[in-house]
Amino acid sequence: MLFKSFFKSKFSIAGIITIIIVLLATMLSQIFIFKGLELKTIDTLFTLRGPVTPKDSSIVIVAIDDESMAGLPHKYPFPMFYYARLVRNLTSAGARAIIFDIEFTDPNTDHPEYDLEFARAVTDAKNVVLAGKIVFEMGSYGTQNKSALKPIAPLLRSPAKWGFVNVIEDSDGFLRRYMLFQQVTNNLYYPLAIEAIRLLEEATVPDDQNLYSRTFQIGNHIIPKATPNTMYVNFRGPTGGTFSTYSLAHVLDDSTFQLPGEEDINSFEMHREWGTFKDKIVFVGATAEELQDNKFTPFFEYRGFKRKIPGVEFHANALSTVLKGDFITEASWIIVLLWTVILTALGSIVTILFRPFRALALIFAFVALHLTSVYLFFTYGRTIMTTTTPLIAVVLSFITSVVYQMVVEQREKKRIRQIFQHYVAPNVVDELLSSGELPSFGGERRELTILFSDIRKFTSFSESREPEIVVSRLSEYLTEMVDVIFKNNGTLDKFVGDEIMALFGAPYHYENHAMSACEAALEMVSRLRDIHKRWSKNTNDIFKIGIGINTGPVIVGNLGSSQLFDYTVIGDEVNLGARLEGANKLYQTTIILSESTYTLVKDRIKARELDYVRVVGRRKPIRIYELRGIDSIPQIEQDYIIDMFTEGLYLYRRRRWSDAIKAFRRVLRYFPDDGPARIYTIRCLDYIESPPSYEWEGVYEIEQK
């Protein structure tokens, strides 16, 4: 019992959906397409945040740019004595460190003296970091072999450090992370930025450091890892405006260096005088596009411009990140999980509690909240909050909850259909379910039309026949009548022996319920004639019915006791409908309408006013009408049953008894079995002998129930 009640709670269902969706979203987020979306989200965050301010002025770049490629006397690759001059000039200008993003791994066999000259300059400077790389090769059986490609021997003999320049690209070819180390056999090698820190701060990497921990330590710098051997680079901004950049040609162009033509202006002398490189960390590397060392980074598309970043600038960004200590970290998996659970739970709850379109607006609000949180975490907390997992979870929670709602609604509709299919026409059930207006438990007040039908003298009919025949005839009759009621959008309220009680306008409310009841009544009479034709072999099986129809406000709903209840109606208008059905015996008619029903349908039916009556249980008299047809009837019936009878009723109410009798007898001449004309003839004869009092208003008291 407790188990069933748990699964009936909407909040319990939301909890189950949340658990399943969080697990599913976590797995889906590892799919390539979603991992790619996550990477692009990081790029978007950088773009929205914009450049870091203030600009890092401690790092400058000396670029092998297009001007250097075109203006220097020697063509690329430049001879080593160029770099020797560069080191001496920067040292003399007070550079704090000189870091080469240029690999000097091939000796100059034609002019080995150039290599020696560069090595002496590096040795004299004592503040140079050189470049090498880690070579990855595929070995036999699919193994990967690694080896260190170091600078040439003369440079290795110098006191200069060297670091590898390998970069790691994400699956989309963009650079976002920087390698912290590479292990080759039993040796650890470090990249340019790490070697630069070792030089600048005489920092060391602890020997007992756990390389697989969540952080990497060098000196006093605790670097949070993105993966076991990488960190996120906090890019300072798009290329071109992040670090001050100077052409290699201008740094070489001192008073002793000759540039061709008018380019020789001794520009380095001005830099020396201005202190351009004093106490600066100088990166030296290629920026010319033709040297193919430009990379994709998060700032590739910034403010409508597409610009790759030179490799040397990537290393500069990494070094700046470490020196400034403004590292970018990933949010803890616990935080991501908790946030995902919260959003998923909210998404599930609102979708289950509200209609889908209203819930969708709230889902969009949750998505906006998540994206805003991701932005704020990154911009002000330098933390990458996983974007895709919560998004996937919220979307899936909405979809799953909508599907759950659909299943529940279908199950509920099936249950309601099973309940009402025995009482209501199928098309009424369909409209009831599609409208969502389910009948309320306990009742509600509505204006409905109630139809009562009863077989005349059924007691004598049943007493004179075998029970099997009575049951068979009654079952066939009731089946046909209920079919007519359902066909005309009625609801079967109950059987009371041979009596039928039907509702029109409930449980699904529609405007023309009075007309539907009239159509049903006429068709019931017509269907009874068809039944009689099937029974025509035995004329004793033929019987008549009486139908009473009334429209008015009633209480409708599931009424009864706590042990047993039924969908039904109660109220004075219900009683009036029953009285009208019984009045057919008095007037020898078949279908009687109340005044309220007649008022609603008079423009479409053919009916005659029968009387002005007061029924048992009501003080106020009402007019009652006999329904003869819809739209049209035979002309002779119109002339006598309706028009001539109406004239006689007019004369009767004005106490002109003799004239009224003449009118009623004219009706009886053509319709000798017309009960109302015969009854009024008798009344007129009685009133001629014993006239009513002067207070008489034509009201007839119907005393039987």
Side-chain angles (χ1 to χ4, degrees), residues 56 58-61 95-105 122 126-136 146-151 155-156 158-169 175-236 243 280-285 295 297 309-329:
D56 188 352
S58 66
I59 299 175
V60 298
I61 294 174
R96 184 181 174 193
I98 305 168
I99 305 167
F100 281 93
D101 182 26
I102 303 170
E103 298 172 31
F104 303 111
T105 55
V122 168
K126 298 187 175 96
N127 63 348
V128 176
V129 177
L130 301 170
K133 66 181 177 182
I134 306 299
V135 179
F136 297 86
K146 293 188 291 185
S147 61
L149 185 58
K150 303 177 182 181
L155 294 175
L156 285 178
S158 72
K161 304 283 187 181
W162 75 272
F164 63 80
V165 293
N166 303 64
V167 295
I168 181 169
E169 296 179 348
L175 303 181
R176 299 179 183 88
R177 293 172 292 126
Y178 192 75
M179 279 196 283
L180 296 171
F181 62 88
Q182 276 289 340
Q183 189 166 8
V184 180
T185 61
N186 294 323
N187 297 316
L188 286 178
Y189 295 94
Y190 303 102
L192 282 185
I194 299 301
E195 289 294 350
I197 293 173
R198 295 177 71 183
L199 170 69
L200 292 167
E201 302 179 0
E202 298 182 356
T204 59
V205 178
D207 295 333
D208 59 348
Q209 178 167 246
N210 182 0
L211 299 180
Y212 297 97
S213 68
R214 297 177 60 87
T215 59
F216 177 84
Q217 181 176 356
I218 176 170
N220 295 323
H221 301 284
I222 307 297
I223 303 173
K225 293 180 181 178
T227 62
N229 72 329
T230 66
M231 72 170 193
Y232 281 109
V233 176
N234 190 352
F235 290 92
R236 321 321 273 177
F243 302 104
K280 304 297 183 183
I281 301 169
V282 183
F283 276 87
V284 182
K295 312 293 182 180
T297 67
I309 188 173
V312 63
E313 197 168 330
F314 177 62
H315 291 286
N317 273 278
L319 178 60
S320 179
T321 300
V322 177
L323 292 177
K324 296 290 185 181
D326 52 355
F327 300 105
I328 292 176
T329 60

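Quick caveat, the model's predicted, so the values are computed rather than measured.
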To the closest 0.5 Å, what do you measure between CG (Leu130) and CG (Leu155)? 5.5 Å
Nearest-0.5 Å distance that lies between atom CD1 in Ile194 and atom CG in Leu188: 12.0 Å
Quick one: side chain to side chain donor-acceptor pair (under 3.5 Å) partners of Lys146, sequence neighbours excluded? Gln182
Check Asn317 against Thr321 and note the closest heavy-atom contact, atom names and distance. O-OG1, 2.8 Å
Which pair of heavy atoms, one from Ala95 and one from Asn127, lies closest together, and at what distance? O-ND2, 3.1 Å
For Phe216, which of Phe181, Phe327, Tyr178 qualifies under ring pair (Phe, Tyr, Trp, His ring centres under 6.0 Å)? Phe181
Do Ser320 and Phe243 have side chains that approach each other closer than 4.5 Å (heavy atoms only, starting at C-beta)? yes
Would you give the length of the straight line joining atom CD1 of Ile328 to atom CZ of Phe235, rounded to the nearest 0.5 angstrom? 8.5 Å
Under the ring pair (Phe, Tyr, Trp, His ring centres under 6.0 Å) test, residues paired with Tyr232 that sit two or more places apart: none
Compare all side-chain heavy atoms of Arg214 with those of Thr329 and state whether any distance is below 4.5 angstrom. no
Lys280 atom NZ: more than 12 heavy-atom contacts under 6.0 Å: yes
Shortest non-hydrogen contact from Ala318 to Val233? N-CG1, 4.0 Å
Value rounded to 0.5 Å, distance of CG in Leu200 from CZ in Arg198: 12.5 Å
Which residues satisfy the salt bridge (Lys or Arg N to Asp or Glu O under 4.0 Å) test with Lys150, sequence neighbours excluded? none
Are the side chain of Asp101 and the backbone N or O of Val165 linked by a donor-acceptor pair below 3.5 Å? no
Quick check for you: to the nearest 0.5 Å, what is the distance between Ile59 atom CD1 and Lys324 atom NZ? 8.5 Å
So which heavy atom on Ala203 is nearest to which on Ile218, and how close? CB-CG1, 4.0 Å
With a 4.5 Å heavy-atom cut-off, do Phe164 and Met179 have their side chains touching? yes
Look up atom CD1 in Ile99 and atom NZ in Lys161, then write down how far apart they are to the nearest 0.5 Å. 13.5 Å
Determine yes or no for a side-chain-to-main-chain donor-acceptor pair under 3.5 angstrom, with Arg177 supplying the side chain and Leu175 the backbone. no
Can you label the angle between the Tyr189 ring and the Trp162 ring as parallel, tilted or perpendicular, going by 30° and 60°? tilted
Above 12 or not: heavy atoms from other molecules or residues under 6.0 Å from CG of Asn220? no
Any donor and acceptor pair, going by atom type alone, linking the side chain of Gln217 with main-chain N or O of Gly219 inside 3.5 Å? yes
Minimum heavy-atom separation for Val129 and Ala196, please, with both atom names. CG2-CA, 4.1 Å
So with a 6.0 Å cut-off around NZ of Lys295, is the heavy-atom count from everything else above 12? yes
Closest heavy-atom pair, Leu180 versus Pro191, reported as atoms and distance to 0.1 Å, is O-CD, 3.2 Å
Decide yes or no for Val322 and Met231: does some side-chain heavy atom of the first lie under 4.5 Å from some side-chain heavy atom of the second? yes
Can you tell me if Lys225 uses its side chain to pair, donor with acceptor, with the backbone of Ser213 under 3.5 Å? yes
Worked check of side chain to side chain contact (heavy atoms under 4.5 Å, CB included) between Ile197 and Tyr190: CA-CA 11 Å; Ile197 293 173; Tyr190 303 102; over 6 Å; no
Got Leu323 and Ile281 here, is their nearest side-chain heavy-atom distance under 4.5 Å? yes
